[in-house]
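Residue numbers start from 1 in every chain, and the chains themselves are labelled A, B, ... in the order their sequence lines are given, proteins ahead of strands.
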Number of protein chains: 2
Amino acid sequence: MAEADKGAAVLSQDSRRRQTSWSTAEAIKGYIRDHGLTSGEPLPTETELCEVLGVSRSSVREAIRTLASLDIVQVRHGYGTYVGGLSLAPLVSGLVFRGSLNQDGTFGTLREVLQVRIALDLGVADELAAHYRGTTNSALRALVTQMRAHSRAGESFAAQDGEFHRQLLAPLDNTLVRQLVAAFWEVHTNVVPMLGIPRAADIDSTVEAHDEMLDALEAGDAEAYQQAVLRHYAPLRNAIDQALANG
Amino acid sequence: MAEADKGAAVLSQDSRRRQTSWSTAEAIKGYIRDHGLTSGEPLPTETELCEVLGVSRSSVREAIRTLASLDIVQVRHGYGTYVGGLSLAPLVSGLVFRGSLNQDGTFGTLREVLQVRIALDLGVADELAAHYRGTTNSALRALVTQMRAHSRAGESFAAQDGEFHRQLLAPLDNTLVRQLVAAFWEVHTNVVPMLGIPRAADIDSTVEAHDEMLDALEAGDAEAYQQAVLRHYAPLRNAIDQALANG
DNA sequence: CGGAATTTGTTCGTATGTATT
DNA sequence: AAATACATACGAACAAATTCC
């Protein structure tokens with residue numbers, strides 16, 4: 001219970017701890033922990049939780065909604081409540097909203113997200129190079145080929161790009177990094193359309209950079225991979241810097 | 001506005017009523033966006049929101065609770081509802097809970113958080129070095145002195161450590177990176193006590209590494225700073241690796 | 001200092017839509 | 001196709017907290 005209190009202290013500062021709806025959410029988290037439930041396993045029904053926790057239906061509902069928005073529980077309408085995926089969805093949601101707040105802040109948000117993405121990609125270079133050294137990866141190559149085709153046709157290749165980065169980081173023994181990279185990729189693709197950026201002329205180099213990243217990793221060259229990552233982000237970086245300078 | 005609402009209400013009666021609480025949260029976010037509200041500014045009362053959005057108070061309350069858990073709004077009992085700080089508190093909350101789920105996962109969570117912290121600290125080396133080059137920073141030096149005293153007395157120096165890292169990154173023109181580093185620092189300090197790690201013998205080198213980091217930055221040497229960062233995290237890294245190997 | 005007014009917090013009852021069996 | 005279990009939504013009433021006079 002002391003652990004749960006510490007977690008609560010992050011969000012609730014002083015006296016809110018005694019408030020029913022907050023303590024109910026903490027109690028439900030404690031229930032999950034104490035019963036050793038993992039993602040996908042069912043929780044008691046709302047009415048059962050009312051009895052177990054000794055609070056009203058509305059309080060349980062608000063607590064469940066709180067936990068659902070944090071992806072700690074997942075509600076299936078008309079059927080039941082389950083332990084959630086513990087994903088970083090709330091992070092994405094919050095950042096996208098922040099980016100949508102005002103036109104001025106949107107470019108700033110995008111620039112900040114970009115810097116974090118670069119730092120994370122560079123930070124896993126050694127681990128990735130060690131894993132991919134001496135391998136061949138036809139699935140990833142095929143995604144690059146698809147990207148190239150879409151790009152030349154003037155179409156968006158966001159889907160293939162996302163899948164490429166997801167698969168590339170899949171062998172990483174670090175769920176958090178994978179989820180963070182995926183989350184920021186999602187923020188990225190959600191925020192960019194708000195800006196109406198004209199299609200950059202050097203967008204094709206982004207596609208080719210994917211091949212270079214893969215080349216470097218299969219050669220086991222972490223440094224070359226880092227250079228390729230920087231080339232990969234360069235066009236976007238230029239577009240943002242230009243937009244910030246002009247605005 | 002009124003006509004549109006009526007039309008929407010008729011439509012929602014037909015089929016979309018199930019999404020009321022979700023759409024209410026979206027509507028409140030839209031209200032914040034459309035009225036250009038920023039952190040700390042007041043929202044309408046719950047009763048007023050009921051009238052404006054055309055839903056019951058229970059639905060408004062659930063939506064507000066959802067937004068509060070994402071730090072998009074902030075509720076003050078008996079006074080009013082305000083736009084929240086848009087912080088990364090929900091991220092911290094979720095990760096601390098994930099770390100508390102099972103003893104096995106706790107070490108894993110800590111290891112993953114550590115890798116992300118390192119990547120972020122290394123990723124801002126250039127920007128920090130450019131800013132600190134040729135400066136002297138007595139406030140940061142004083143914090144290191146305090147850390148040294150606490151460490152030699154066998155006490156925790158978490159407060160000073162957190163303040164050091166916060167102040168060190170303060171000049172960064174990237175709110176997101178600052179918040180992320182602070183968030184992961186918080187996850188870190190919340191998860192570590194769950195483990196009962198024995199006090200490492202080389203903990204003193206962590207304190208000294210802070211001085212080295214500052215030395216490198218004041219010299220404008222980004223590379224040296226990166227090396228100091230790695231030394232700074234080394235004792236903790238060793239403790240975790242050892243624990244994972246023994247467990 | 002005390003009390004009135006305002007606002008959020010909690011609870012109950014009821015009706016209705018939804019998914020599974 | 002019906003039955004059952006469950007979540008969703010609404011409204012009213014009262015409690016607790018905060019502010020302001």
Side-chain angles (χ1 to χ4, degrees), chain A residues 8 11-28 31-32 37 40-84, chain B residues 5-6 8-28 31-32 35 37 40-85:
Chain A
L11 275 177
S12 72
Q13 285 223 339
D14 304 325
S15 58
R16 295 197 177 176
R17 191 170 306 184
R18 57 178 46 183
Q19 290 202 346
T20 311
S21 117
W22 220 274
S23 64
T24 301
E26 291 302 316
I28 295 176
Y31 183 97
I32 296 173
L37 302 181
E41 295 190 81
L43 266 70
T45 68
E46 291 185 352
T47 33
E48 284 174 326
L49 283 175
C50 294
E51 298 169 1
V52 173
L53 306 179
V55 294
S56 80
R57 182 81 189 285
S58 305
S59 298
V60 168
R61 275 189 60 75
E62 287 194 352
I64 286 181
R65 180 151 296 283
T66 295
L67 297 178
S69 70
L70 297 174
D71 200 20
I72 289 176
V73 306
Q74 192 173 357
V75 179
R76 285 167 61 180
H77 190 152
Y79 193 52
T81 307
Y82 299 80
V83 179
Chain B
D5 280 339
K6 279 220 165 184
V10 172
L11 275 182
S12 71
Q13 276 188 353
D14 288 347
S15 57
R16 298 200 174 180
R17 182 185 297 242
R18 60 187 171 194
Q19 291 180 341
T20 299
S21 85
W22 176 82
S23 66
T24 301
E26 290 300 315
I28 295 177
Y31 184 97
I32 295 174
H35 288 72
L37 302 181
E41 295 191 84
L43 266 69
T45 69
E46 293 181 352
T47 322
E48 286 172 328
L49 282 175
C50 293
E51 298 169 0
V52 172
L53 306 178
V55 294
S56 75
R57 189 173 165 222
S58 307
S59 300
V60 168
R61 279 191 57 75
E62 285 196 355
I64 286 181
R65 177 71 52 203
T66 297
L67 298 178
S69 71
L70 297 175
D71 201 21
I72 289 175
V73 306
Q74 188 177 354
V75 181
R76 290 166 61 179
H77 187 169
Y79 193 51
T81 306
Y82 300 80
V83 179

In terms of heavy-atom contacts, A:Tyr31 and A:Leu37 come closest through CE2-CD1, 4.1 Å

Closest to the side chain of B:Ser21, out of C:dT11, D:dC20, D:dA9, is D:dA9

To the nearest angstrom, the CD-P distance between A:Gln74 and D:dA7 comes to 14 Å

Tightest non-hydrogen contact, residues B:Thr24 and B:Ala63, listed as CG2-CB, 3.6 Å

To the nearest angstrom, the OH-C1' distance between B:Tyr82 and C:dT6 comes to 11 Å

Result for 5'-nearest mapping on DNA chain C, choosing between B:Thr47 and A:Gly78, is B:Thr47

Atom CZ of B:Arg57 and atom C1' of D:dT8 are separated, to the nearest Å, by 18 Å

In terms of heavy-atom contacts, B:Ser21 and B:Glu62 come closest through CB-OE1, 4.2 Å

Here the distance between atom P of C:dT8 and atom CD1 of B:Ile28, to the nearest Å, is 11 Å

Here the distance between atom C1' of D:dT4 and atom OH of A:Tyr79, to the nearest Å, is 12 Å

Next item on the list: Test for a donor-acceptor pair under 3.5 Å between the base of C:dC12 and the side chain of A:Ser58, counting only N and O atoms.
Entry: yes

Indicate, with a heavy-atom threshold strictly under 4.0 Å, whether A:Arg76 touches base, sugar-phosphate, or nothing. sugar-phosphate

- Query: NA contact type, B:Thr81, heavy-atom cut-off 4.0 Å: base, sugar-phosphate, or nothing?
  - Reply: sugar-phosphate

B:His77 NE2 to D:dT18 P, in whole Å, measures 7 Å

Of all heavy-atom pairs linking B:Glu46 and B:Ile64, the shortest is CG-CD1, 4.0 Å

pair_partner(D:dT8), Watson-Crick or wobble, both distances < 3.5 Å, evaluates to C:dA15

Residue pair B:Pro44/A:Gly54 against DNA chain C: nearer the 5' end by closest nucleotide is B:Pro44

Side-chain atoms of B:Ser59 come closest, of D:dA9, C:dT10, D:dC20, to D:dA9

Rounded to whole Å, the CD-P distance (B:Glu51 to D:dC10) equals 14 Å

Heavy atoms of A:Ser69 and B:Leu70 approach each other most closely as O-CD2, 3.8 Å

B:Arg61 CZ to C:dT11 P, in whole Å, measures 11 Å

